[in-house]
Amino acid sequence: MKDKVMPSRQGDLDSLCGFYSVANMMCWLYGNKIKRKALFKSLLQRYSQHWPLLECLTAGIGSSQMDLLLEHLSQGRYKKYPTTITQPFKLQKPLSKKKILRGIELYLEGNDSRAIILRDQFHWSVIIHADSQNLYFFDSSSYRKKARSRYSLRYEEGKLQLFPDGIYFIERGDVKP
């Protein structure tokens with residue numbers, strides 16, 4: 001019986017992947033200049049000024065909470081690491097899966113000063129590269145590479161759902177002294 005028991009991993013018991021994705025995105029863009037633990041703590045403090053932490057631990061965060069976390073990067077000690085953040089698909093109509101995935105590929109193509117934070121129905125993650133077949137991740141959990149065919153704009157059994165308001169294009173700016 002004991003040989004079938006598996007340990008819990010990050011994400012199994014908590015829903016902090018949104019916070020991890022912001023910390024990982026900043027680390028991807030700015031390297032070791034970003035102290036992830038300090039950033040993670042400041043994001044949790046900022047979140048707790050607006051919502052109960054227990055809520056995000058058990059239910060995760062939505063796009064409005066992610067907006068607040070990303071806005072936090074332009075304040076305090078993190079404003080010296082500027083980022084330009086856009087949501088190109090938030091208000092765009094009509095949208096197709098193909099248009100979104102092609103837009104992701106083009107945005108990241110040949111540019112290591114960019115990353116994308118993406119939400120599906122289970123997880124927030126950071127996309128660092130895309131090609132015609134796959135998305136590639138810098139992720140806090142098990143996402144490393146996912147086939148583009150695994151995504152859908154609507155709920156489909158066995159697919160990962162794309163949320164247009166949960167796709168953030170992020171570009172690194174010049175570090176300020």
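Each residue takes its place number in the sequence, starting with 1.
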Checklist entry - Using links of under 4.5 Å between side-chain heavy atoms of ILVMFWY residues, direct or through other members, which residues join Phe137 in one cluster? => result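 So far as hydrophobic clustering goes, Phe137 is joined with Phe89, Leu95, Ile100, Leu101, Ile104, Tyr107, Leu108, Ile116, Leu118, Phe122, Ile127, Leu135, Tyr143, Tyr151, Leu153, Leu160, Leu162, Ile167, Phe169.
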
So, does [X] use its side chain to make a donor-acceptor pair with the main chain of [Y] at under 3.5 Å?
{"X": "Gln121", "Y": "Gln161", "result": "yes"}
{"X": "Ser74", "Y": "Lys79", "result": "no"}
{"X": "Trp124", "Y": "Val22", "result": "no"}
{"X": "Gln65", "Y": "Gly62", "result": "yes"}
{"X": "Ser152", "Y": "Arg154", "result": "yes"}

Indicate, with yes or no, if [Y] and [X] share a hydrophobic cluster defined by side-chain heavy-atom contacts under 4.5 Å among Ile, Leu, Val, Met, Phe, Trp and Tyr.
{"X": "Tyr136", "Y": "Tyr168", "value": "no"}
{"X": "Ile128", "Y": "Leu106", "value": "no"}
{"X": "Leu70", "Y": "Phe163", "value": "no"}

Atom pair [atom1] ([X]) and [atom2] ([Y]), whose distance is rounded to the nearest 0.5 Å:
{"X": "Asp14", "Y": "Thr58", "atom1": "CG", "atom2": "OG1", "value": "10.5 Å"}
{"X": "Ile117", "Y": "Ser125", "atom1": "CD1", "atom2": "OG", "value": "9.0 Å"}
{"X": "His129", "Y": "Phe138", "atom1": "NE2", "atom2": "CZ", "value": "15.5 Å"}
{"X": "Leu73", "Y": "Leu43", "atom1": "CG", "atom2": "CG", "value": "6.5 Å"}
{"X": "Thr86", "Y": "Glu171", "atom1": "OG1", "atom2": "CD", "value": "9.0 Å"}

Where [X] and [Y] come nearest, the two heavy atoms and their spacing:
{"X": "Lys97", "Y": "Arg148", "value": "NZ-O, 3.6 Å"}
{"X": "Val175", "Y": "Tyr30", "value": "CG2-CE2, 3.5 Å"}
{"X": "Gly18", "Y": "Met66", "value": "O-CE, 3.6 Å"}
{"X": "Ser42", "Y": "His72", "value": "OG-NE2, 3.2 Å"}
{"X": "Asn134", "Y": "Asp131", "value": "N-OD1, 2.7 Å"}
{"X": "Leu69", "Y": "Tyr47", "value": "CD2-CB, 4.3 Å"}

Next on the checklist: My understanding is that only residues two or more places apart in sequence, or in another chain, count here; which of them pass salt bridge (Lys or Arg N to Asp or Glu O under 4.0 Å) with Arg172?
Outcome noted: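 Expected list: none.
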
Next on the checklist: Is it true that, when you exclude Gln133 itself, more than 12 heavy atoms of the residues, nucleotides or ligands shown sit nearer than 6.0 Å to its CD?
Outcome noted: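 Not buried by this count: 12 neighbours or fewer within 6.0 Å.
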
Item to check | Any donor-acceptor N or O pair under 3.5 Å, side chains Asp139, Tyr20 | outcome: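 Looking only at side-chain atoms, Tyr20 and Asp139 do not form any donor-acceptor pair under 3.5 Å.
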
